[in-house]
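The block underneath contains the structure these notes are about, expressed in structure tokens.
Small disclaimer: the values here were computed from a predicted structure and weren't measured. Just so it is clear: chains get the letters A, B, ... in the order the sequence lines come, proteins before strands, and each one is counted from 1.
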2 protein chains.
Amino acid sequence: MIRIILVDDHAVVRNGYRRLLDAEPGLQVVGEAASADEANALALRTVADVALVDLSLRGSSGIEAIRGMLARQPALKVLVLSMHEGAGHVTQALRSGALGYLTKYSEPAEVIDGIRRIAAGKRVFSPEIAQVLAAEAIDGDGALAHLTPREFEVLRMLVHGESASGIASSMHLSPKTVLNYLTLIRQKLDADNDFKLLHLAARHGLVDIHHALGA
Amino acid sequence: MIRIILVDDHAVVRNGYRRLLDAEPGLQVVGEAASADEANALALRTVADVALVDLSLRGSSGIEAIRGMLARQPALKVLVLSMHEGAGHVTQALRSGALGYLTKYSEPAEVIDGIRRIAAGKRVFSPEIAQVLAAEAIDGDGALAHLTPREFEVLRMLVHGESASGIASSMHLSPKTVLNYLTLIRQKLDADNDFKLLHLAARHGLVDIHHALGA
DNA sequence: CGGAAGGTCGGGAATTTTTCCCGGTTTGCC
DNA sequence: GGCAAACCGGGAAAAATTCCCGACCTTCCG
């Protein structure tokens, strides 16, 4: 029996997965979380084999959820299920310990199959993601590649319009620390103004520019 | 019996809704579509009471799907279920004929309730969306409207990537004056950071976003 | 015509933000 | 263990922004 934790901030989506997975023999959902904090708390009291994680959680990022859960349950196998195909998201997720990455365009059967493979210790990727990874490999190190996970997370929230203090409280950090990260990020990305920052973030799929700014 | 059409490009999400709704007495999913084209074709051959539409479809927009379906089935009641809370999305959807707008943060029970209310001809909105609508109503003709010509021009150049000193020399002004204008602009637009500025400018068609970011 | 209202332009000082530098802790890896 | 790198935040210097001010000009209207 493969025990599964769902991490997604959309109640309806969690509900859908629970019904889908519980109906499958050998799979069982043992917990749900809607935020990184909830995921961390859940990982303390509920042991599972596989975590199905959506990257774009409401307050914070799924990256944080992954890191937190793995810190508490190192044996947990993480399968990311995200709408975002941007290279930045994928590499950050893998670097944070995720074993696989599917998009939400995947068919239910693919997801179920993916969970079984992940539980068996294998890696699983959507075709689109494989594309992205290949491009990344050819491209070399994108500008965002040598940001640390924390820096990446701060940047992600920033370009989504969060204020520094908002990021701080959301990540349980001192505002001062966030500001220091921001300085580092601007240096690493060689961005003298915020527009350039946004441009870089958009290029690497950190934010969908049309969706974020378009009418 | 309320007959429902699902329009969402995520197979897993559609699957989740189908399971959720079919399990509910009095509700029945009679069709699914993953794109605006599919939705239009579906509306030709399948009569339904309510359409549950996700705005961000892969190829085209859910707005298109709404218009197309309503053209073919004017009696169809459209309930938008989107991740996006942006004012632009909401007003566009309503203007296109949607009767209600829920976010994907809604609980399954809210969605089911919403469908029943929509089918009864009522309007349904998430609390977040109500907020957005209220803000929109108060905002009136749009924030950019009461910028002075000079302020407007400064903003336009700024979002095109110009630096403050660049704007100054280009407009034959003291850099100091430009900085003063920027302060005024940020106040008038209630933008505490540059991302919000860019967001507003883009929304009002002030700038081609790709060119603005130096692509 | 006079005068109020609003836009334009910039200086100087206060204020805030950003940067730079520091040290301590933790983590992963030879 | 020792090393490198990430993580976290304090403090002070440096830079940017805001706030407040006055001057000039045009427009509108009683």
Spacing between [X] atom [atom1] and [N] atom [atom2], to the nearest angstrom:
| X | N | atom1 | atom2 | answer |
| --- | --- | --- | --- | --- |
| A:Leu182 | C:dT16 | CG | P | 19 Å |
| B:Asn180 | D:dG22 | CG | P | 15 Å |
| A:Leu173 | D:dG10 | CG | C1' | 15 Å |
| B:Lys176 | D:dA16 | NZ | P | 12 Å |
| B:Tyr181 | C:dT8 | OH | P | 5 Å |
| B:Leu179 | D:dC20 | CG | C1' | 16 Å |

message: For the backbone of A:Gly62 and the side chain of A:Asp54, can you confirm whether one donor and one acceptor N or O come within less than 3.5 Å of each other?
response: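 Between the backbone of A:Gly62 and the side chain of A:Asp54 there is no qualifying donor-acceptor contact (under 3.5 Å).
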
Can you figure out which of [options] approaches the side chain of [X] most closely?
| X | options | value |
| --- | --- | --- |
| A:Arg150 | D:dC7, C:dC9, D:dT17 | D:dC7 |
| A:Arg186 | C:dT19, D:dT18, D:dC8 | C:dT19 |
| A:Ser174 | D:dC7, C:dG10, D:dG9 | D:dG9 |

message: Between A:Glu153 and A:Arg156 (salt bridge meaning N to carboxylate O under 4.0 Å), is one present in this structure?
response: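 A:Arg156 and A:Glu153: salt-bridged.
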
field: the helix from C:dC1-D:dG30 to C:dC30-D:dG1: angle between end helix axes, five pairs per end, rounded to 10 degrees
entry: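 It comes to 30° between the two terminal axes.
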
- prompt: Is the shortest heavy-atom distance from the side chain of A:Leu184 to the side chain of A:Thr148 under 4.5 Å?
  reply: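 No - every pair of side-chain heavy atoms lies 4.5 Å or more apart.
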
- request: Enter the distance from A:Glu32:CD to A:Arg14:CZ here, rounded to the nearest 0.5 Å.
  value: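 A:Glu32 atom CD to A:Arg14 atom CZ measures 5.0 Å (nearest 0.5 Å).
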
